[in-house]
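Computed from heavy atoms alone, side chains included, the values below leave out hydrogens, waters and symmetry copies.
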Amino acid sequence: KLRIIILISFFLAFLIKIEANNENPSEYECLLETGASGLFQNQRKFLKETKFFPYKTLMIFSNNFELLKEKDNTFKRESEAKYQYDCKKNEKERILNCFPIGKVKSYEIRFSLKTLRYRKTLITDYWIKGKGNEVDYAHIAHGYCYIIEN
């Protein structure tokens, strides 16, 4: 009977440790390498350098990489929360596809857990939805990240 209690205790302690590891956020400091914006309908303009994306952000993943909170870390000492994302993990390639939560239109993020590189994209769809004479815009950024030790 004592052995069963000891085994159950070890099993519960193991489950609690696994759960705690899933809840600990993984934090990355990410730097913008290059970003471009521009019109792309009917090839009216080529993409040009953009100030649309911040130079430095924090990406904080939680819930076993299913939730992402991105914070701007460029202009202020203390980071301010910007957007939250739902992420889907491709186990084979170790790539996260993250989509914005809520009604705020923000960019999508692809993040590699292997190389710690990311791509952010925002493509407007005015032209597709037929809202008038508006043209579509593309905003694209690439960068790399570093793990922040807790």
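Expressed to the nearest 0.5 Å, how far NZ of K114 lies from CG of L116 amounts to 11.5 Å. Rounded to the nearest 0.5 angstrom, K69 NZ and S62 OG are separated by 8.0 Å. Rounded to the nearest 0.5 angstrom, S26 OG and N63 CG are separated by 11.0 Å. We find the CE-SG distance between M59 and C145 to be 5.0 Å, quoted to the nearest 0.5 Å. Note that CG of L96 and CG of D86 are 12.0 Å apart. Values are rounded to the nearest 0.5 Å.
Cluster membership check: L122 shares its hydrophobic cluster with F111, using side-chain heavy-atom separations under 4.5 Å among Ile, Leu, Val, Met, Phe, Trp and Tyr.
Looking at S37 and H139, their side chains do bring a donor and an acceptor atom within 3.5 Å of each other. For the 3.5 Å distance criterion, the side chains of Y85 and E66 fail to qualify, holding no donor opposite an acceptor.
Using a 4.5 Å heavy-atom cutoff, the side chains of I140 and H142 are in contact. I60 has its side chain within reach of K71: a pair of non-hydrogen atoms, C-beta onward, lies under 4.5 Å apart. Side-chain contact check for L67 versus I101: some heavy-atom pair is nearer than 4.5 Å. Put simply, the side chain of L113 reaches to within 4.5 Å of the side chain of K89, judged on heavy atoms.
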Evaluation steps, side chain to side chain contact (heavy atoms under 4.5 Å, CB included), between L68 and I109: CA-CA 10 Å; L68 165 62; I109 298 175; 3.9 Å; yes
From CA spacing to verdict: side chain to side chain contact (heavy atoms under 4.5 Å, CB included), Y55, L31: CA-CA 6 Å; Y55 169 70; L31 303 176; 4.2 Å; yes
Chi angles and distances behind the side chain to side chain contact (heavy atoms under 4.5 Å, CB included) call for K120, T57: CA-CA 12 Å; K120 297 178 183 180; T57 59; 3.9 Å; yes
Ring pair (Phe, Tyr, Trp, His ring centres under 6.0 Å) evaluation trace for F53 with Y107: CA-CA 10 Å; F53 299 101; Y107 39 84; 5.1 Å; yes
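Under the 6.0 Å cut-off for aromatic ring centres, Y144 and Y146 qualify, their centroids lying closer than that. For an aromatic pair to be called close, the ring centres must be under 6.0 Å apart, and Y118 with Y28 fails this.
For the pair C87 and F65, the tightest heavy-atom approach, listed with the atom from each and the gap, is CB-O, 3.3 Å. Nearest heavy atoms, P54 versus D72: CB-OD1, 3.7 Å. Minimum interatomic distance between L32 and A141 (heavy atoms only, all atoms of both residues): CD1-CB, 3.5 Å. In terms of heavy-atom proximity, R110 sits nearest to N97 at NH1-OD1, 2.7 Å.
Classification of R119 and E108 as a salt-bridged pair fails, no side-chain N sitting under 4.0 Å from a carboxylate O.
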